[in-house]
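Only a predicted model underlies this, so the values are computations on that prediction, with no experimental measurement involved.
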Amino acid sequence: MKPPQRFAASLKRHGVEYLFGQSNPPAITLAADDIGISQIGYRQENAGTYMADAYARVTGKVPVVTAQNGPAATLLVAGLAECLSASTPIVALVQDVGPNNQDRNAFQELDQVELFKGVSKWTKRVTSADRIEDYVDMAFAAAAGGRPGPAVLLVSMELLAERDEKPVAPRKACLGYYPLDRTQADPAKLVAAAELLANAKAPIVYAGGGVMGSQAQQALRELQELAHLPVATSTMGKGSVDETHPLSIGIIGYYMATRGMTKFAKPLVQDADVILLIGNRTNQNGTDSWTLLPKNATYIHIDIDPIEIGRNYESLRLQGDAKLTLQALNEILAGQDLSIRQAAREQVESIIAASKAAHQTEIIEVTQAIINPIRPERVMAELEQQLSNNHIVVADASFSSIWIANYLTAKANRRFITPRGQAGLGWGFPMGLGAKLGNPDRPVVCVVGDGGFAHVWSELETAKRHGIQVVVIVMNNAILGYQKHAEDSGLGRHSNVCEFEPVDHAAIAEACGLKGIRVERAEYIAAALALAMSSDQSVVIDILVDPDAMPPVKVFERLPNY
């Protein structure tokens with residue numbers, strides 16, 4: 001084979017279905033197309049990484065994004081940063097200046113090793129045809145092994161231009177899935193953890209996104225029922241347990257203020273004496289700036305990454321894959337005396353049920369509001385009624401992810417995807433496209449704000465061209481919501497970039513050949529959702545929402561219009 005065919009064959013061996021790219025490196029793209037690997041042609045590189053990110057999350061496969069060297073490569077950085085923080089595996093194949101032209105100011109030359117150093121687990125150059133298979137395998141192993149994340153392989157243009165055909169040593173290994181190598185925590189420490197949980201007075205479980213990455217949802221749900229343990233989740237962990245279960249607390253973190261889903265369950269968290277953390281970074285938002293979780297509790301931490309264990313809360317260390325480790329913990333707990341847990345269950349369930357009932361009472365005014373502009377909570381209430389148990393719900397960062405976290409229910413097989421690793425704007429819609437590509441038989445709905453959607457309008461054409469069907473709900477309040485309200489609450493005023501000119505997003509969708517629906521009155525939301533969900537193409541629902549509506553973030557409570 002020639003070098004481009006060798007790259008393509010290696011990708012095929014690792015189960016790659018798509019290249020998220022824009023032709024470059026063209027020799028690899030064309031060689032891949034020849035053997036059945038399709039290209040999903042993004043309009044901008046950053047959106048391509050967001051698509052690949054969501055594709056990885058819903059499939060358990062390692063995706064590939066490609067880019068030209070220079071300015072195109074720089075646009076991968078934001079998406080790779082999210083994947084690094086959120087532990088999502090991705091391989092970036094990036095065109096690179098050949099060794100004979102390096103350090104000569106070649107066209108679009110850039111030190112791409114340094115460029116990607118801060119946003120990847122592994123970055124290497126391949127310049128020899130004899131090493132192509134070695135380096136492709138290393139890239140996939142780096143992305144999917146241990147704590148998953150991005151790997152970058154820089155591909156020399158000189159190498160791709162070689163015309164010699166060389167024999168290729170046969171390889172059979174497929175490394176294009178994750179977790180690649182599952183490991184289990186120390187058995188002795190598992191026994192200690194089981195004893196702590198069985199004998200605790202008021203334990204809770206706090207599940208993060210690592211549960212989803214490990215596909216450990218079933219093992220966690222078995223733990224919840226077996227050991228009678230109340231379970232809370234982070235935003236990225238939403239969906240790891242069924243929130244209709246009587247022992248499911250809901251999402252916790254920095255948005256437990258007025259109308260927050262778990263506002264009334266806060267004592268369960270703050271009074272806990274043993275806390276089991278699973279795949280949880282204990283980051284600032286998930287701990288309300290490290291003030292939410294009690295300082296005097298005993299912590300147990302399951303994580304694939306040894307650095308995360310004890311980072312912020314000294315813990316009993318259970319380093320290992322979440323799924324295997326939870327399965328082992330369940331086996332040990334099944335042999336423990338769980339009478340203390342069982343005796344406490346009724347009271348714990350009663351507290352959780354009361355907190356959920358109080359939440360429903362507190363939000364009824366906004367979820368049933370018929371005022372205009374429309375309350376976002378009313379939109380979520382109408383959406384909840386039309387979601388199937390098999391829906392994938394994707395949201396942008398900022399307010400959008402908070403709305404779905406607090407006002408939609410994780411139940412049955414529903415999946416929630418949010419870019420909370422770095423929480424940048426513009427991820428939502430491309431992530432919806434990637435999720436649909438990964439699970440074409442599941443319906444996908446995407447909730448975005450007008451600020452974030454403006455980053456990626458151009459990908460509407462991508463959806464049309466590739467026939468990708470998602471429902472996009474644009475919460476159009478004509479402001480940069482989080483920025484405006486945070487500035488008002490912290491500084492007493494806001495800067496000039498926080499307010500936008502009116503935009504008709506439905507018209508933009510129509511201009512791209514898709515269906516656009518504009519909703520200006522609350523009573524029309526249900527019909528618009530029903531029409532969009534029955535469509536055979538992507539639909540944008542542009543909903544004019546109240547710019548003064550704020551999600552349950554504590555700092556906003558000081559504002560007079562909260």
Side-chain angles (χ1 to χ4, degrees), residues 193 196-211 220 223-224 227-238 240-241 243 245-303 308-316 340-341 343-363 402 405-406 410 420 551-558 562:
L196 280 170
L197 292 168
N199 297 300
K201 179 181 178 182
I204 67 165
V205 177
Y206 188 13
V211 174
L220 176 56
L223 172 69
Q224 181 181 41
H228 317 286
L229 291 170
V231 179
T233 73
S234 68
T235 310
M236 289 185 63
K238 187 178 176 75
S240 54
V241 292
E243 289 175 346
H245 190 285
L247 284 171
S248 292
I249 299 171
I251 53 100
I252 63 174
Y254 77 112
Y255 36 67
M256 297 171 73
T258 302
R259 296 188 292 275
M261 179 189 206
T262 53
K263 168 188 171 182
F264 299 99
K266 211 168 188 178
L268 270 177
V269 179
Q270 295 181 321
D271 295 341
D273 63 336
V274 174
I275 298 177
L276 172 60
L277 302 166
I278 310 171
N280 191 318
R281 294 179 296 148
T282 61
N283 65 342
Q284 183 171 11
N285 287 350
T287 61
D288 196 8
S289 296
W290 306 284
T291 64
L292 175 64
L293 304 183
K295 293 182 179 179
N296 58 349
T298 298
Y299 288 86
I300 307 163
H301 198 156
I302 299 173
D303 207 284
E308 291 299 341
I309 301 174
R311 180 191 288 272
N312 293 308
Y313 301 91
E314 187 173 321
S315 305
L316 174 61
I340 295 176
R341 297 276 61 74
R345 177 166 179 159
E346 183 177 356
Q347 182 181 8
V348 173
E349 288 185 353
S350 177
I351 293 170
I352 293 173
S355 75
K356 290 179 178 178
H359 170 63
Q360 291 301 315
T361 299
E362 186 176 49
I363 67 174
I402 306 177
N406 282 275
R420 302 300 297 188
V553 177
K554 184 166 56 179
V555 296
F556 296 155
E557 288 184 321
R558 67 185 68 162
Y562 182 82

Inset, instruction - Return yes when atom NZ of Lys554 has more than 12 non-hydrogen atoms of other residues, nucleotides or ligands closer than 6.0 Å, and no otherwise. - result: no

Legend entry - Point-to-point distance, once rounded to the nearest 0.5 Å, from OG1 of Thr233 to CD1 of Ile278: 11.0 Å

Legend entry - Heavy-atom pair with the smallest gap, counting every atom of Tyr206 and Ile275: CB-CG2, 4.4 Å

Legend entry - Rounded distance [0.5 Å steps], CZ in Arg311 versus CG in Asn283: 10.0 Å

Legend entry - Leu316 vs His301, side-chain contact (heavy atoms from CB on, under 4.5 Å): CA-CA, chis, key distance, verdict: CA-CA 6 Å; Leu316 174 61; His301 198 156; over 6 Å; no

Inset, instruction - Measure from the side-chain N and O atoms of Arg341 to the backbone N and O of Ala200, and report whether any donor-acceptor pair falls under 3.5 Å. - result: yes

Legend entry - Non-hydrogen side-chain atoms of His245 and Val231 separated by less than 4.5 Å: no

Legend entry - Under 3.5 Å donor-acceptor, His359 side chain and Thr262 backbone: no

Legend entry - Heavy-atom check, side chain of Ser234 versus side chain of Ile252, under 4.5 Å: no

Inset, instruction - Over all heavy atoms of both residues, which pair between Ala272 and Pro294 is shortest? Give the atoms and the distance, please. - result: O-CG, 3.5 Å

Legend entry - Short side-chain to backbone donor-acceptor contact, Asn280 and Ala207, under 3.5 Å: no

Legend entry - Side chain proximity check, Lys266 to Leu292, heavy atoms < 4.5 angstrom: yes

Inset, instruction - Could you walk me through whether Arg420 and Asn285 pass the side-chain contact (heavy atoms from CB on, under 4.5 Å) test, one step at a time? - result: CA-CA 9 Å; Arg420 302 300 297 188; Asn285 287 350; 3.4 Å; yes

Legend entry - Residues, nucleotides or ligands: over 12 heavy atoms within 6.0 Å of Glu314 CD: no

Inset, instruction - Supply the atom-to-atom distance Trp290 CH2 to Thr282 OG1, rounded to the nearest 0.5 angstrom. - result: 8.5 Å

Inset, instruction - Taking the side chain as every heavy atom from C-beta outward, state whether Asn406 and Pro552 have any pair of such atoms under 4.5 Å apart. - result: yes

Inset, instruction - Could you tell me which non-hydrogen atom of Leu277 sits nearest to which non-hydrogen atom of Tyr299, and how far apart they are? - result: CD1-CD2, 3.9 Å

Legend entry - Shortest non-hydrogen contact from Pro551 toward Ile402: CB-CG2, 3.5 Å

Legend entry - Side-chain donor-acceptor pair present, Ser248, Gln224, cut-off under 3.5 Å: yes

Legend entry - Distance, nearest 0.5 Å, that separates CD1 of Ile300 from CG of Leu196: 4.5 Å

Legend entry - Asp303 (side chain) donor-acceptor with Glu308 (main chain) under 3.5 angstrom: no

Inset, instruction - Report, as yes or no, whether the 6.0 Å neighbourhood of atom CD on Glu346 holds more than 12 heavy atoms from other residues, nucleotides or ligands. - result: no

Legend entry - Met261 CE to Gln360 CD distance, which is reported to the nearest 0.5 Å: 9.0 Å

Inset, instruction - Mind listing the closest non-hydrogen atom pair of Ala405 and Ile251 along with its distance? - result: O-CG1, 3.5 Å

Inset, instruction - Could you tell me whether Glu243 and Lys238 have a side-chain N and a carboxylate O separated by less than 4.0 Å? - result: yes

Legend entry - Side chains of Leu223 and Leu276 in contact at under 4.5 Å (non-hydrogen atoms): yes

Legend entry - Straight-line distance of Thr298 OG1 to Leu197 CG, nearest 0.5 Å: 10.5 Å

Legend entry - Any donor-acceptor pair under 3.5 Å from Tyr313 side chain to Leu293 backbone: no

Legend entry - Contact summary for His228 and Pro230, nearest pair of heavy atoms: O-CD, 3.8 Å

Legend entry - Contact check, side chains of Leu247 and Leu229, non-hydrogen atoms, under 4.5 Å: no

